[in-house]
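Notes to accompany the following structure.
We count residues from 1, following the sequence as given.
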Amino acid sequence: MKWTKRILATGFIAGCLGFIVFGAMFYAQLNWAEGVIPTLDEKLTELRAKPTVILSSDGKELYSAQSEYREPIQSLKEVPKHVVDATLAAEDRRFYDHRGIDWVGVGRATVTNVREGRAAQGASTITMQLAKRLYTSPDRSFMRKMKDMALAVQIEQKMPKDEILRLYLNQVFYGAGAYGIGAAAKTYFGKELDELTIGEAALLARVVRRPSHENPFENLEKSIENRDVVLATMRSEGMISQSEYDAAIKETPKLLPKRFASGSHIKRSPYFVNYVLDTLKRELPGVDITEGGYTIETTIDTDLDDFAQKAVRDIVRQYRRQRLTTGAFVVMDDEGKILAMIGGANYDNNEFNVISQGQRQPGSAFKPFVYATAFSMNVIGPRDSISNEPFYLDDPINGRKRWPKNSNGKYGGSLSVRTALASSYNVPAVRVCDMVTPQVAANYARDVFGFQSRIEPVLSMVLGSNAVSPLEMAQGYSVFMNYGDRATPICIKRIIGPNGEVVKEWEPELRRVNVDPRVWGEMDEILRAVVTSGTGRRAQSVPDARGKTGTTSDNRDAWFCGYTNNLVGIGWVASERKVNGRWQYDVMPGVFGGQVTIHMWTAVMKEAVRKFGKKESHRPEDMERIPLAQRDPEPEPPLDEEPPIDDVTGGDPPGPPPDMPPGTGTDPQIDPVTGLPYDQVPPATTETRPPTPTPRTETRPPSTRPEPRNEGPPPAREVMVEICADSGQVATRYCPETVTRRMARENAPRGRCPLHNPGR
């Protein structure tokens, strides 16, 4: 008995001393917290950091981003009662009864921890957890716990309970990148708060205990077990009825596909938003917009962009039976500002942006660039005629003869330049490319029209055998629209930093090309003739429309590229489907640029002209305007009505002729430039690129040009062959080192390089 009394007395004294020491320490922490708490508003402001936003030209929000994904609630009234009750049942059931510290919970946790000899249970209230989020570190130490308690007392004196609970529900981490109950509901269930069931609310409520390891994505079984604990507490506390409990306990969570929620959210114009983000990464690599606070003002017009998106989907729906499944469209003004960008028919199905990332063969829509080159070099003029007689090209490797074909199967005689281009004849186009030489035409494509994609200097380039992006086509056609000023596409006006400073401003960039200005007047007249009497007649309802159709030989790509006085639009359609994880482009029977794509182009451009108004042409006032009828007096041959003469880069449908590129861009066994199997493709020339000829300035006299030379096989038995230095076979474009040798045709290698051929 004596020893028992001594033990009790000793314990009492130790307890008193401990209480005094704890009291003194806690009093010191209260004084510290009292000095810290005035910065509470500042801390809350930091947590409510303004997100980065991307705005359209008409001030609509397209995108928001910050390092943490949040869907903040502005008032506790926005949160359903069962969601609040689940949080209280899981974390702090006496929240509305204590003043920051739940002493009952502290006592219970102390007994449990002493009995088990470890920190098995905590006693943190919701207010203490908020204090830890605002001020202290996540270290598990007695001193940190005491700081949390002191801060909780001070916070409770400064704020009402509902505001504390609202802040907690906004700030707590729920795992998978989601901060706050609103973000958690979206991340795991794709729901708004008022759509959460009782079972879902209970499941989320306990995730905050171990958010990285016991969230439903990582451990669904444990999450359900924790949910059931919360539901039992809600029932015992009278928060839900027995029937509600029974229904909730039987719920099977319907989760979204597993993902890590980011602080970014695309709200509209997704293809354009991703293009803006790529532009920022490329031009401002040191700026991290996910930190929040940036405002990016862009060029896009949301109404026009929405209209273009609908037009793309309508054309896909209308021609679904012809296997058309996707399309793309871009509208750019005369300064290069992108007003609409639709990179595909369905962003959710395929995020790939054909406008900026795609590499597709443009078919005859590429012809105007080669004709403009010929005009600039004074090789041909708009009053000239070009032979439409069939001719043959000799293949230096296997001796086969190839020939370009007209899509309407009509040959013979001569055609005016206007007719040849407006009605998209292939034979005259290839002759023109041969006159200027493919290398010079490729130089012009790069230096004058701004193409960055690789342009192989082969005769089939005039028929669109080189793959380019629609955005490059828009830039190229802007030269025609602006009469020699090339508009560089821009998508951003300026970016404003978190402190209100302008980080960078983008000004329109117009580059005057070094070509006789009269060339653009000549091309403008002919491209207008495409619409008034050529393959683009279905675009006549667009004011002042000019343009060119383009369809690849096997109908895998169908384009219409054109412009008005101040707007350029590029439309493209195709049939795409996913095969073994890769997108494949299929044949579209009966789909042509002048029959299908042109309807989409007409609809969008009419709306663009209506919205942005008609402007005067960019034709210089002092430029001589000679009516086309005087330039080209010969009568025009009538066009076929059904089917119309279109611009397939090769022979007659349905199959590709032996001489033309199929235009798939997807078959690894086919050379994407010539369209022939790799073992049949003639070697590309490696001769030094000739300088771009000095543009003519003299007045063009009436044409006295002789007939084009007869393209028969060359009499010489020697050929120039580009050989891979590693394999000794005919080089492909992928060979790292090549040499060019002159040798007898019979001694020339017959096969393509097997070492650097991606199709082998």
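- Closest heavy-atom contact between Ala308 and Ile342: CB-CG1, 3.7 Å.
- If you take NE2 on His82 and CG on Leu193, they are separated by 9.0 Å, rounding to the nearest 0.5 Å.
- Using modelled atom types, one side-chain atom of Glu244 and one backbone atom of Ser241 make a donor-acceptor pair closer than 3.5 Å.
- Residues Ile492 and Leu280 are in side-chain contact: their nearest non-hydrogen atoms beyond the backbone lie under 4.5 Å apart.
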Legend entry - Worked check of side chain to side chain contact (heavy atoms under 4.5 Å, CB included) between Ile355 and Trp572: CA-CA 9 Å; Ile355 294 297; Trp572 167 89; over 6 Å; no

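- The line from OG1 of Thr197 to CG of Leu203 is 9.0 Å long, rounded to the nearest 0.5 Å.
- Around atom NZ of Lys611, more than 12 heavy atoms belonging to other residues, nucleotides or ligands sit under 6.0 Å away.
- Nearest heavy-atom pair across Pro253 and Phe189 is CB-CE2, 4.4 Å.
- One finds no salt bridge joining Asp586 and Arg323 here, because no Lys/Arg side-chain nitrogen approaches an Asp/Glu carboxylate oxygen to under 4.0 Å.
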Legend entry - Trace of the side chain to side chain contact (heavy atoms under 4.5 Å, CB included) decision for Ile300 with Val273: CA-CA 10 Å; Ile300 201 78; Val273 166; over 6 Å; no

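- There is a side-chain donor-acceptor pair under 3.5 Å between Glu214 and Asn226.
- Side chain of Ser575 to main chain of Tyr585: no donor-acceptor pair is present (N/O by atom type, distance under 3.5 Å, no hydrogens or angles).
- Taken to the nearest 0.5 Å, the OH atom of Tyr275 stands 9.0 Å off from the CG atom of Asn353.
- Between Ala131 and Ala152, the closest heavy-atom pair is CB-N, 4.4 Å.
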Inset, instruction - Begin from the C-alpha positions of Asp228 and Tyr245 and carry the test side chain to side chain donor-acceptor pair (under 3.5 Å) through to its verdict. - result: CA-CA 9 Å; Asp228 295 347; Tyr245 170 81; over 6 Å; no

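- Contact check for Ser223 versus Phe217: no side-chain heavy atoms found under the 4.5 Å cut-off.
- Judged by distance alone, with hydrogens and angles left aside, the side-chain atoms of Arg209 form a donor-acceptor pair with the main-chain N or O of Ala90 at under 3.5 Å.
- Checking side-chain atoms of Arg313 against main-chain N and O of Ala345 turns up a donor-acceptor pair under 3.5 Å.
- Glu61 and Arg268 are not joined by a salt bridge, as no carboxylate oxygen comes within less than 4.0 angstrom of a charged side-chain nitrogen.
- No side-chain heavy atom of Leu196 sits under 4.5 Å from any side-chain heavy atom of Pro80.
- Listed for the Arg70 side chain is no donor-acceptor partner under 3.5 Å among the backbone atoms of Gln171.
- To the nearest 0.5 Å, atom CD of residue Glu283 and atom CD1 of residue Ile495 are 10.5 Å apart.
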Inset, instruction - Check step by step if side chain to side chain contact (heavy atoms under 4.5 Å, CB included) holds for Thr302 and Phe272. - result: CA-CA 10 Å; Thr302 52; Phe272 178 75; over 6 Å; no

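- Listed for the Tyr294 side chain is no donor-acceptor partner under 3.5 Å among the backbone atoms of Val503.
- Cation-pi contact between Arg610 and Phe307: absent, since separation from the ring centre below 6.0 Å together with deviation from the ring axis within 45° is not met.
- The shortest side-chain heavy-atom distance between Met149 and Met128 falls under the 4.5 Å cut-off.
- The backbone N or O of Glu576 lies less than 3.5 Å from no partner atom in the side chain of Thr326, so there is not a single donor-acceptor pair.
- No side-chain heavy atom of Asn219 sits under 4.5 Å from any side-chain heavy atom of His213.
- The shortest non-hydrogen separation linking Thr299 to Leu339 is O-CD2, 3.8 Å.
- Separating the CD atom in Glu297 from the CH2 atom in Trp506 is a distance of 11.0 Å, to the nearest 0.5 Å.
- Using a 4.0 Å cut-off between charged side-chain N and carboxylate O, Lys191 and Glu200 make a salt bridge.
- No more than 12 heavy atoms of other residues, nucleotides or ligands sit less than 6.0 Å from atom CD of Glu221.
- Lys310 and Asp314 are joined by a salt bridge, as a carboxylate oxygen and a charged side-chain nitrogen come within less than 4.0 angstrom of each other.
- Ion pair Glu156/Lys161 flagged as a salt bridge, since at least one NZ, NE, NH1 or NH2 atom sits closer than 4.0 Å to an Asp/Glu carboxylate oxygen.
- Panel note: side chain Arg166, backbone Ile73; a donor-acceptor pair is recorded below 3.5 Å.
- Checked by atom type and distance alone, the side chain of Glu195 pairs as donor or acceptor with a backbone atom of Glu192 at under 3.5 Å.
- The two residues Phe173 and Ser212 make their nearest non-hydrogen contact at CE2-OG, 4.0 Å.
- Surrounding NZ of Lys493 are more than 12 heavy atoms belonging to other residues, nucleotides or ligands, all under 6.0 Å away.
- More than 12 heavy atoms of other residues, nucleotides or ligands sit less than 6.0 Å from atom CZ of Arg235.
- Between Lys337 and Asp301 there is no salt bridge, since no side-chain nitrogen of the basic residue lies less than 4.0 Å from a carboxylate oxygen of the acidic one.
- Between Lys258 and Glu218 there is a salt bridge, since at least one side-chain N of the basic residue sits less than 4.0 Å from a carboxylate O of the acidic one.
- Taking the side chain as every heavy atom from C-beta outward, Tyr168 and Val208 approach each other to under 4.5 Å.
- Side-chain atoms of Asp102 and Thr125 include no donor-acceptor pair closer than 3.5 Å.
- Under the 4.5 Å side-chain criterion, counting only non-hydrogen atoms from C-beta, Val276 is not in contact with Tyr63.
- Taking each heavy atom of Arg94 and His98 in turn, the nearest pair found is O-CD2, 3.1 Å.
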Legend entry - side chain to side chain contact (heavy atoms under 4.5 Å, CB included) between Ile289 and Leu277, worked out: CA-CA 9 Å; Ile289 64 171; Leu277 295 176; 3.6 Å; yes

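- Taking OG1 of Thr52 as the start and CD1 of Ile296 as the end, the distance is 5.5 Å to the nearest 0.5 Å.
- The side-chain heavy atoms of Phe612 and Leu304, taken from C-beta on, include a pair separated by under 4.5 Å.
- Between the side chains of Asp305 and Gln309, no donor-acceptor pair is found at a separation under 3.5 Å.
- Listed for the Asp92 side chain is a donor-acceptor partner under 3.5 Å among the backbone atoms of Ile126.
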